[in-house]
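Inspection log for the structure reproduced underneath, given as structure tokens.
Values below: every heavy atom of this structure, side chains too, minus hydrogens, waters and symmetry copies.
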Amino acid sequence: MADTLQSVHQALRILSLLRARRNELGVTEIATELGIGTSSTYRLLSTLKEDRYVDQTPTRGYRLGPAMSGSADADSVGHCAEVAAPHLSDLRDRTGETVHISILNAGYTEFVAVCESEHSLRVTSKIGFAVQAYAAAAGKVLLATLTEGELDALYPDDTLVTPTGRGVRTRSDLDAQLKLVRECGYARNVEESEEGLYALAVAIHRPVGRPIATLTITGPASRIAPGAGSTLSARETELLGELRATTQRIESELRY
């Protein structure tokens, strides 16, 4: 019993540390900060990860998971993914591209539902994968719903590191993009998170409160042929119409 209580205490300390830091931490960093053995820390993180209290990022760090976003939000995300499932398949079939539902999690965009394209050349996605929010179409849509204070907490410095060298490089650039997102109601990712990748996203609104997630279409940039600057190509305009129509159908079925 004493060992079990000790493990629970240490797990709570890990969650408190991740909440306080607001960014990802490695196993060694957590172990050192809390004075816990590295192997014990790894076992605790593995257990917390199973129940989505923490998530592991592509760089092998750890951050708070969806279960720590608050029970109401966690339940709403699950409900949204369940409602959206048949609509994702329909959208994939109509557009021929990969589609997914994403949420914002501590500065990252995380996939919670995916339906992949059947093209041999396609964007592959998996549930739980995460990318920097400011480099993702879905991320920019959700960042646009945050307050100035919340954005300051996520991005206290002006310099932002971009995965491909494209897209926003400073907080000032990000603020300008988010202003456009609020005005037009969608966001694009043209090779910002990965070379050759294109994505277009809109928000999914629950009955009350902030948007709960985003609906995104993603595919090879070469097949989408995006317009120059902020101008949408004919194919992008078509995809945006499909996104908005599908989002309306999903929202009409959401209960909370």
Side-chain angles (χ1 to χ4, degrees), residues 18-26 29 49 52 54-66 68-69 73 77 98-114 123-182 186-204 210-221 224 226 230:
L18 291 175
R19 184 184 292 279
R21 291 298 182 84
R22 293 180 174 270
N23 61 333
E24 66 179 76
L25 296 174
E29 291 177 282
K49 182 181 175 183
R52 308 304 300 278
V54 302
D55 276 341
Q56 195 167 22
T57 70
T59 57
R60 312 303 293 174
Y62 289 87
R63 52 188 167 77
L64 292 180
M68 288 299 294
S69 64
D73 278 355
V77 169
T98 295
V99 298
H100 51 73
I101 303 289
S102 301
I103 61 171
L104 185 65
N105 189 355
Y108 286 82
T109 302
E110 179 180 328
F111 302 156
V112 297
V114 176
V123 173
T124 59
S125 302
K126 62 181 180 179
I127 294 174
F129 185 75
V131 297
Q132 283 282 5
Y134 58 75
K140 285 183 278 190
V141 167
L142 292 172
L143 289 175
T145 70
L146 301 185
T147 66
E148 191 73 15
E150 289 169 327
L151 288 169
D152 288 342
L154 285 175
Y155 309 113
D157 301 322
D158 190 52
T159 301
L160 301 176
V161 178
T162 58
T164 65
R166 297 182 175 88
V168 297
R169 300 186 181 187
T170 67
R171 172 64 191 278
S172 302
D173 291 340
L174 178 61
D175 288 342
Q177 280 213 15
L178 297 184
K179 182 176 184 293
L180 290 176
V181 172
R182 295 183 191 105
Y186 65 84
R188 299 194 299 173
N189 165 9
V190 183
E191 299 188 272
E192 294 175 47
S193 61
E194 185 178 334
E195 295 286 348
L197 181 145
Y198 172 91
L200 181 68
V202 299
I204 299 176
R210 291 179 179 177
I212 188 60
T214 60
L215 180 62
T216 304
I217 294 175
T218 182
I224 304 298
S230 60

Determine yes or no for a side-chain-to-main-chain donor-acceptor pair under 3.5 angstrom, with Thr218 supplying the side chain and Tyr198 the backbone.
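Yes, Thr218 side chain to Tyr198 backbone: donor-acceptor pair under 3.5 Å.
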
Between Thr162 and Val168, is there a donor-acceptor pair closer than 3.5 Å when you use the side chain of the first and the backbone of the second?
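Here the side-chain-to-backbone pair does not exist.
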
Please find the pair of heavy atoms, one from [X] and one from [Y], that lie closest to each other, and give the distance.
X      : Y      : result
Val190 : Pro226 : CG1-CG, 4.0 Å
Val181 : Ala144 : CG1-CB, 3.8 Å
Ala203 : Pro211 : CB-CB, 3.9 Å
Ala137 : Asn189 : N-CB, 3.5 Å
Leu104 : Leu146 : CD2-CD1, 4.0 Å
Tyr155 : Ala133 : OH-CB, 3.9 Å

Among residues at least two apart in sequence or on other chains, which ones pass side-chain hydrogen bond (donor to acceptor under 3.5 Å, both in side chains) with Thr145?
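Partners of Thr145 under the side-chain hydrogen bond (donor to acceptor under 3.5 Å, both in side chains) test: none.
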
Excluding sequence neighbours, so at least two apart, what forms side-chain hydrogen bond (donor to acceptor under 3.5 Å, both in side chains) with Gln132?
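Gln132: no side-chain hydrogen bond (donor to acceptor under 3.5 Å, both in side chains) contacts found.
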
Say you draw a straight line from [atom1] of [X] to [atom2] of [Y]; how long is it, rounded to the nearest 0.5 Å?
X      : Y      : atom1 : atom2 : answer
Thr147 : Arg210 : OG1   : CZ    : 6.0 Å
Glu192 : Lys140 : CD    : NZ    : 3.5 Å
Phe111 : Thr216 : CZ    : OG1   : 7.5 Å
Tyr108 : Ile103 : OH    : CD1   : 14.5 Å
Tyr134 : Leu174 : OH    : CG    : 9.0 Å
Ile101 : Ile204 : CD1   : CD1   : 3.5 Å

Contacts of [X] that satisfy salt bridge (Lys or Arg N to Asp or Glu O under 4.0 Å) - sequence neighbours left out:
X      : result
Arg182 : none
Arg169 : none
Lys179 : Glu183
Asp152 : Arg171

State, yes or no, whether a side-chain contact exists between [X] and [Y] at a heavy-atom distance under 4.5 Å.
X      : Y      : value
Ile224 : Ile217 : no
Tyr62  : Leu25  : no
Thr109 : Leu142 : no

Is it the case that Asp175 and Ser172 place a side-chain donor and acceptor less than 3.5 Å from each other?
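Judged by distance alone, the side chains do not pair up.
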
Can you tell me if His100 and Ser102 form a side-chain donor-acceptor pair at under 3.5 Å?
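Yes - a donor-acceptor pair under 3.5 Å links their side chains.
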
Stepwise side-chain contact (heavy atoms from CB on, under 4.5 Å) check, Val141 with Val202:
CA-CA 6 Å; Val141 167; Val202 299; 5.8 Å; no

